[in-house]
Amino acid sequence: MGLMDKLTGSTPAHHETGEKVPLLHDEEPVGLDPSKITTDVPASYHQFVACMVTRSDTSLPRVLWMLFFSYLLITIQLIGLFAVVVAASGHYDHANVIYQWKNASDVVKSLNWYDVVMNILVIVIVGLTVSRELHEIHFMRFWPAVKHTPKDARQTFVACMLWSLSAIRMFLLVPTVLAVVPMIVFDEGADAKSLAMEALALLFILDVDDLWFTHGIPAAWREKLPATLELDRDQRDRKSVV
């Protein structure tokens, strides 16, 4: 097999006629259920917890510890975000509201071309980061239903805890991140340096759980998180996990 065959994935074996093999195939793979779809599982701490606590071979003390530590991580992230909120809000003078808005308009008018480019990059990066966070939240929220865990008291408790955790992330953590970025712009300015040093650094708070998943969990445990998941097509649309 030549180099191009290896790169393109074509296998011209048993082709003695010299007929070209198409690189792209439109037909459905043979032998696969058309009602099923395979999707990637986000490699994050919360998704790892959702997978482990719904396994029947995970002991109850370990389940309680992982759920407790998940809420601890969320608390740390929220404390960091609210600290940034307090710092970015600054001193508000009710008597000089018009003056403060005039200062904000002057900042916008004084932007250079590279400041505008950085503003665009910040908007794109914040949008992609929040989109990834929402993707992980949907997976964690519906994991017990997707994995078809048995209906019992333990499953109900775990499902409620995961739903509560995902609700905090979706309705408190993510909106706070989206609100803090413009607050930093109004307080510190919209120049490229301020945005690069403060607004983008804010997004690292969302990566605390992923850093713990990468460096704080043994590799043998991380391998227990499935890389892909098979869903029904109607289930995929109903749960909105992809």
Side-chain angles (χ1 to χ4, degrees), residues 39-55 58-89 122 125-147 149 153-184 198-219 221-227 229 239-242:
T39 182
D40 295 331
V41 176
S44 67
Y45 173 77
H46 294 289
Q47 193 56 42
F48 168 79
V49 170
C51 174
M52 293 299 296
V53 299
T54 54
R55 290 168 60 105
T58 305
S59 62
L60 183 59
R62 182 169 289 177
V63 168
L64 296 177
W65 164 249
M66 285 191 289
L67 290 174
F68 167 78
F69 196 79
S70 298
Y71 280 90
L72 181 62
L73 281 179
I74 286 292
T75 302
I76 294 174
Q77 290 176 298
L78 288 175
I79 291 175
L81 283 176
F82 286 129
V84 177
V85 169
V86 174
S89 59
V122 167
I125 294 174
V126 170
L128 292 176
T129 304
V130 170
S131 176
R132 185 194 65 180
E133 192 76 10
L134 292 176
H135 180 65
E136 297 176 0
I137 290 172
H138 281 295
F139 252 105
M140 181 187 65
R141 182 177 180 182
F142 298 112
W143 189 265
V146 169
K147 293 298 290 183
T149 54
R154 173 171 168 169
Q155 189 272 345
T156 302
F157 167 76
V158 169
C160 291
M161 294 296 289
L162 292 179
W163 183 89
S164 174
L165 191 63
S166 63
I168 294 174
R169 296 174 68 195
M170 180 181 294
F171 300 114
L172 188 58
L173 186 67
V174 171
T176 304
V177 171
L178 294 176
V180 170
V181 174
M183 290 178 64
I184 293 177
E198 298 180 23
L200 294 183
L202 174 69
L203 299 180
F204 289 127
I205 296 178
L206 293 178
D207 293 332
V208 171
D209 50 353
D210 294 331
L211 292 174
W212 178 258
F213 172 77
T214 303
H215 303 287
I217 298 178
W221 281 33
R222 295 199 305 267
E223 292 174 356
K224 295 182 179 181
L225 177 65
L229 183 69
K239 303 303 183 183
S240 301
V241 295
V242 292

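All heavy atoms count here, side chains included; hydrogens, waters and symmetry mates do not.
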>> Donor-acceptor pair, distance only, cut-off 3.5 Å: does the side chain of Thr58 make one with the backbone of Met52?
In response: yes
> Distance from Met140 atom CE to Leu165 atom CG, nearest 0.5 Å?
Replying inline: 4.0 Å
> If you look only at pairs with a residue in residues 153-171, which of them pass as a salt bridge (Lys or Arg N to Asp or Glu O under 4.0 Å), with sequence neighbours excluded?
Replying inline: Glu133-Arg169, Glu136-Arg169, Arg169-Asp209
> Which atoms form the tightest heavy-atom contact between Cys51 and Arg55, and what is the distance?
Replying inline: O-CG, 3.2 Å
> Looking only at heavy atoms, which two atoms of Pro144 and Leu162 are closest? And how far apart?
Replying inline: CG-CD1, 3.9 Å
Going by atom type alone, with no hydrogens or angles, which donor-acceptor pairs under 3.5 Å involve a side-chain atom of residues 72-88 and a protein atom two or more places apart or on another chain?
from: Thr75; atom 1: OG1; to: Tyr71; atom 2: O; distance (Å): 2.8
from: Gln77; atom 1: NE2; to: Ile205; atom 2: O; distance (Å): 2.7

> Between Leu225 and Ala43, which heavy-atom pair has the shortest distance, and what is it?
Replying inline: CD2-CA, 4.0 Å
>> I need the Cys160 SG to Gln155 CD distance, nearest 0.5 Å.
In response: 8.5 Å
> So Phe157 and Leu67, side-chain contact (heavy atoms from CB on, under 4.5 Å) or not? Walk me through it.
Replying inline: CA-CA 11 Å; Phe157 167 76; Leu67 290 174; 4.0 Å; yes
> Using 30° and 60° as the class limits, which term best fits the ring planes of Trp143 and Phe139: parallel, tilted or perpendicular?
Replying inline: tilted
> For His135 and Asp40, what are the C-alpha separation, side-chain angles and deciding distance, and is it a side-chain contact (heavy atoms from CB on, under 4.5 Å)?
Replying inline: CA-CA 11 Å; His135 180 65; Asp40 295 331; over 6 Å; no
> Under 3.5 Å, is there a donor-acceptor pair between the side chain of Ser70 and the main chain of Met66?
Replying inline: yes
> Just one of Val130, Ile168, Leu206 clears the side-chain contact (heavy atoms from CB on, under 4.5 Å) bar with Leu173, so which one?
Replying inline: Leu206
> Is there a side-chain contact (heavy atoms from CB on, under 4.5 Å) between Ile137 and Val174 once you walk through the steps?
Replying inline: CA-CA 10 Å; Ile137 290 172; Val174 171; 4.3 Å; yes
>> For the CZ atom on Arg62, are there more than 12 heavy atoms of other groups (residues, nucleotides or ligands in this structure) within a distance under 6.0 Å?
In response: no
List, one per line, each side-chain donor-acceptor pair under 3.5 Å for residues 210-219, sequence neighbours excluded.
from: Thr214; atom 1: OG1; to: Asp210; atom 2: O; distance (Å): 3.0

>> Would you compute the distance between atom CG of Leu64 and atom CE of Met161 and round it to the nearest 0.5 angstrom?
In response: 8.0 Å
